[in-house]
Amino acid sequence: MIINHKYKFIFIHVPKCAGTSITKALYPYCDHHDTVLGGHADAPEQIVEKDGFCIHKHSDAQEIKKYATPERWEEYFVFTFVRHPVDRIISLYEWWRHTPGEWDLKTKAKIEKMSFKEFVFSKHTGTPQVQYLTSRGEQKKYFTENKFKMEIDFIGSKERINRDFGYVCGLLNLPRIILPKENVSHNRKKDNNYYLDNEIRREIKRKFHEDYDFFGYK
């Protein structure tokens, strides 16, 4: 997650959507006045203020808007990246199985023993991406046709990341940045069909129907 005052942008880091690569790529264009959480060895994972309010690298739009202030949120270019739910859940599963996981060894131990199907039907698959991006503010830049209200200027796709990130760099007057590959699940199979059957596909679509509907995934 980044709040950058020089280039006036806010990046929302949805988990398992290349956010670490994006944060690392943009880090050299940030300074001590900016907020950068995660994605770099010198960036903390979270900030806890005196009143107990916590903002972290995977904070949602509403939390970031509160921290940044509504005025900056309205003025700055707000962007994020999303990913097809099937690919995202496979990545999350392999990440849990092969990351050290020191912060939650209990959960890691559980997931290491699970088949992919067991993982999909478990409580560990996370939150729909739409939920990271909704906001209940009065001012709006982007309004959905359904119940979701978003104030996001640009939603990029992990599937078209080089093209979409290049577009962001152009809008921000940054040089064309080549994204590094970070936090990659090296042990995952290249063909997603290795993990899937019809029951698994239905469950992923049930759990993440909001993402399918809003982002138009098939």
Side-chain angles (χ1 to χ4, degrees), residues 1-83 88 91-92 95-96 98-105 107-108 124-137 141 150-158 161 164-165 168-169 171-172 174 177-185 211:
M1 190 281 291
I2 303 175
I3 303 170
N4 183 293
H5 302 297
K6 179 179 179 179
Y7 293 96
K8 295 188 175 182
F9 71 82
I10 295 173
F11 168 58
I12 303 172
H13 183 169
V14 178
K16 305 310 296 175
C17 294
T20 298
S21 296
I22 291 168
T23 303
K24 190 168 184 178
L26 293 174
Y27 188 83
Y29 303 92
C30 300
D31 60 30
H32 66 281
H33 297 293
D34 302 326
T35 301
V36 183
L37 299 181
H40 193 277
D42 296 329
E45 295 288 303
Q46 64 178 13
I47 296 173
V48 180
E49 296 191 325
K50 292 180 180 179
D51 60 359
F53 175 73
C54 176
I55 186 169
H56 53 88
K57 71 175 184 178
H58 293 313
S59 279
D60 61 31
Q62 193 162 315
E63 293 168 332
I64 297 170
K65 180 179 178 179
K66 177 181 177 182
Y67 181 83
T69 73
E71 292 77 19
R72 283 178 176 146
W73 182 272
E74 184 64 20
E75 178 186 1
Y76 289 12
F77 179 76
V78 182
F79 74 98
T80 192
F81 275 74
V82 297
R83 185 177 192 175
R88 183 169 174 255
S91 179
L92 181 62
W95 178 82
W96 266 115
H98 299 290
T99 188
E102 297 96 341
W103 60 91
D104 194 348
L105 291 173
T107 298
K108 175 176 170 57
H124 301 295
T125 49
T127 304
Q129 296 165 98
V130 163
Q131 299 298 331
Y132 285 92
L133 308 180
T134 53
S135 174
R136 294 193 290 269
K141 299 178 181 177
M150 293 189 184
E151 299 171 283
I152 313 298
D153 292 299
F154 181 72
I155 300 174
S157 168
K158 170 68 167 58
I161 191 164
D164 287 357
F165 188 65
V168 169
C169 291
L171 285 178
L172 297 175
L174 291 168
I177 303 168
I178 302 301
L179 285 172
K181 290 187 177 181
E182 300 288 339
N183 224 9
V184 177
S185 302
D211 290 344

Is any side-chain heavy atom of [X] closer than 4.5 Å to a side-chain heavy atom of [Y]?
X: Ile10; Y: Ile2; answer: no
X: Gln129; Y: Arg88; answer: yes
X: Leu179; Y: Ile161; answer: yes
X: Glu63; Y: Phe53; answer: yes
X: Phe154; Y: Val78; answer: no
X: Lys158; Y: Lys16; answer: no

Hey, does the side chain of [X] reach the backbone of [Y] with a donor-acceptor pair shorter than 3.5 angstrom?
X: Asp153; Y: Phe79; answer: no
X: Thr23; Y: Gly19; answer: yes
X: Lys108; Y: Trp96; answer: yes
X: Arg83; Y: Pro15; answer: no
X: Asp60; Y: Leu133; answer: no
X: Asp34; Y: His5; answer: yes

Working to the nearest 0.5 Å, report the span between [atom1] of [X] and [atom2] of [Y].
X: Thr20; Y: Lys57; atom1: OG1; atom2: NZ; value: 5.0 Å
X: Thr99; Y: Asp104; atom1: OG1; atom2: CG; value: 11.0 Å
X: Leu172; Y: Tyr29; atom1: CG; atom2: OH; value: 11.5 Å
X: His33; Y: Asn4; atom1: NE2; atom2: CG; value: 11.0 Å
X: Phe9; Y: Glu75; atom1: CZ; atom2: CD; value: 14.0 Å
X: Asp31; Y: Lys6; atom1: CG; atom2: NZ; value: 7.5 Å

To check you understand the geometry: which heavy-atom pair defines the closest contact between [X] and [Y], and what is its length?
X: Cys54; Y: Ser59; answer: O-OG, 4.4 Å
X: Thr134; Y: Ala61; answer: O-CB, 3.8 Å
X: Glu151; Y: Trp73; answer: CB-NE1, 3.2 Å
X: Ser157; Y: Asp164; answer: N-OD2, 2.9 Å

Pair His13, Tyr132: side-chain N/O donor-acceptor within cut-off below 3.5 Å: no
Tyr27 and His40 aromatic ring geometry - parallel, tilted or perpendicular at 30°/60° bounds: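 Aromatic pair His40/Tyr27 classed parallel.
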Geometric class of the Phe165/Phe81 ring pair [parallel <30°, tilted 30-60°, perpendicular >60°]: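 Ring orientation of Phe81 relative to Phe165: tilted.
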Criterion side chain to side chain contact (heavy atoms under 4.5 Å, CB included) on Phe11 and Ile3, from CA distance to verdict: CA-CA 7 Å; Phe11 168 58; Ile3 303 170; over 6 Å; no
Cation over ring face, Lys8 and Phe77, 6.0 Å, 45°: no
Positive for side-chain contact (heavy atoms from CB on, under 4.5 Å) with Met1, one of Val14, Leu37, Val36, Ile12: Leu37
Asp211: which of Val82, Val130, Thr127 passes side-chain contact (heavy atoms from CB on, under 4.5 Å): Val130
Residue pair Thr107, His124: steps toward the side chain to side chain contact (heavy atoms under 4.5 Å, CB included) verdict: CA-CA 8 Å; Thr107 298; His124 301 295; 3.8 Å; yes
Test log, rule side chain to side chain contact (heavy atoms under 4.5 Å, CB included), inputs Gln62 and Ile64: CA-CA 5 Å; Gln62 193 162 315; Ile64 297 170; over 6 Å; no
Candidate pair Leu26 and Leu174, rule side chain to side chain contact (heavy atoms under 4.5 Å, CB included), full reasoning: CA-CA 9 Å; Leu26 293 174; Leu174 291 168; 3.8 Å; yes
